[in-house]
Amino acid sequence: MPELTMDKLVALCKNRGFIFPGSELYGGMANSWDYGPLGVELKNNIKALWWKTFVQERLDMVGIDAALIMNPKVWEASGHLATFTDPLVECRECHERYRADQIDLARPCAKCGNKGTFTEPASFNLMMKTWIGPKEDATAVAYFRPETAQAMFVDFPQVLNASRKRVPFGVAQMGKAFRNEITPGNFIFRQREFEQMEIEFFIHPSEWEKWFAFWRGEMQRWLGLCGIDAARVHDLEVPDGERAHYSKRTIDLEFDFPFGLKELYGLAYRTDFDLSNHAKFSGREKDVTYTDPISGEKYVPHVIEPTFGVDRTLLAMLVSCYDEEQAPTTGEGGETDTRVVFHFPKTLAPIKVAILPLSKKDELTSVARPLAERLAKRWRVEYDETQSIGKRYRRQDEIGTPYCVTVDFDTLNDSAVTVRDRDSMKQERVKLDELEGYLKNQF
Ligand code: ATP
């Protein structure tokens with residue numbers, strides 16, 4: 001298969017409506033991306049599956065949806081104000097800025113080619129600052145959350161009280177996070193505004209190894225559900241000195257992207273770092289102390305945190321599910337041509353079913369259109385009556401639609417339609433009144 005380059009993927013995503021360059025009408029805004037009609041479906045499907053898998057299906061999990069802007073003291077307690085920094089260097093000639101840990105400082109500046117011109121690395125805090133209310137002074141400073149995690153710690157006493165859960169249990173949240181990245185790039189891989197899906201799983205400290213191993217397994221299982229190519233995923237044990245300030249053990253799940261092996265997800269043992277610090281900074285130690293109802297033991301729970309980036313999940317899926325195959329054209333002559341296809345897991349595909357009347361004649365569209373409207377009550381459906389049927393099949397392959405349903409002139413006599421499977425390209429005749437049941441069995 002020809003290699004999938006980022007240029008090819010970015011162009012396809014733009015043309016088909018997965019992901020557009022942000023603010024394009026105004027000449028764009030560097031490294032900002034908008035999810036288009038297909039992208040938003042795919043992203044919503046990923047998030048819905050994640051929520052179902054890790055929250056709804058588990059009796060030991062609950063979810064929250066907290067405010068994006070929290071009390072600034074949260075970020076003092078969490079250590080983000082002091083240590084959520086990257087080392088910044090600047091080229092003295094052209095003033096291009098780089099992350100010192102991502103470039104070779106002995107080499108010339110990638111932008112202007114001048115050598116030995118970098119400033120000394122300075123700590124640059126990644127949090128996005130804003131002011132709450134009309135006064136832009138120090139008392140009004142607040143931050144957009146750089147991770148969703150902290151609300152799960154800050155809300156821990158309230159969740160515990162309201163949900164009556166017992167340790168071990170987890171709290172999950174998904175939503176936007178903001179980081180003033182020095183060098184965003186590689187399409188949606190590193191953005192300043194992105195989405196996370198995070199779990200804080202509260203445990204007794206003596207059980208951390210067991211739960212760490214458990215969540216490692218669950219993360220592997222999730223990769224399979226998303227159709228992410230396991231051969232491209234590699235675990236990296238993050239060594240001492242390189243872990244985030246709160247972590248005693250971290251494994252990064254790295255993915256082999258077209259631009260290199262980079263972090264997809266992380267799994268961290270955050271100990272009681274966050275809860276204990278919030279206890280200290282809020283002065284409410286009592287509230288984060290858990291009392292075991294059986295043994296009576298009082299302790300601050302420890303935490304295992306599996307963290308998933310939504311955008312990186314989507315990017316890894318696009319890369320994993322993309323294929324270019326030689327396939328027969330729709331003609332009878334036995335010729336082949338190249339079809340581009342996304343083999344998304346069927347339940348995650350942005351469009352589930354395409355309804356394609358063979359011709360634009362009223363006899364066919366008067367059957368096909370109501371059929372599309374009926375199926376749309378259950379699945380995301382696309383209705384398309386333009387171009388040759390072969391071209392329409394190829395278009396649906398290219399956006400990963402698992403089923404194409406063709407209404408043809410025989411339909412008027414046998415009340416049946418042709419259902420084409422995206423992966424096998426096999427076609428089957430299915431009775432109109434059995435179609436919904438047939439499709440239900442596939443998803
Ligand atoms: P990196 O080393 O790539 O900067 P990180 O270790 O800082 O990532 P975490 O703080 O562990 O990332 O964030 C959790 C998850 O959020 C990451 O595994 C990734 O999937 C996602 N993520 C982090 N930063 C970004 C970003 N700038 N753009 C898109 N997704 C991100």
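Counting starts at 1 for both ligands and their atoms, following the listed order.
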J.: Taking NZ, NE, NH1 and NH2 as the nitrogens, is one of them in R16 or E398 under 4.0 Å from a carboxylate oxygen of the other?
T.: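 A salt bridge is present here (some side-chain N lies under 4.0 Å from a carboxylate O).
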J.: Classify the ring geometry between W75 and H80 as parallel (under 30°), tilted (30 to 60°) or perpendicular (over 60°).
T.: perpendicular
J.: List in chain and number order the residues that pass salt bridge (Lys or Arg N to Asp or Glu O under 4.0 Å) with E24, two or more places apart in sequence or in another chain; answer none if no residue qualifies.
T.: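 E24 satisfies salt bridge (Lys or Arg N to Asp or Glu O under 4.0 Å) with K14 only.
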J.: Counting N and O atoms only, with roles assigned by atom type, does the side chain of R380 sit under 3.5 Å from a partner on the main chain of E41, one being a donor and the other an acceptor?
T.: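 Pair absent, no side-chain N/O of R380 close to backbone of E41.
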J.: Which parts of the protein, at residue level, reach under 4.0 Å of ligand 1 through a heavy atom?
T.: R179, E181, F189, R190, Q191, F194, Q196, E263, L264, Y265, G266, T307, G309, R312
J.: Within a strict 4.5 Å, meaning less than it, do heavy atoms of the E200 and F153 side chains meet?
T.: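 Touching, per the 4.5 Å side-chain cut-off.
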J.: So, K248 and D240, do they make that salt bridge, N to O below 4.0 Å?
T.: no
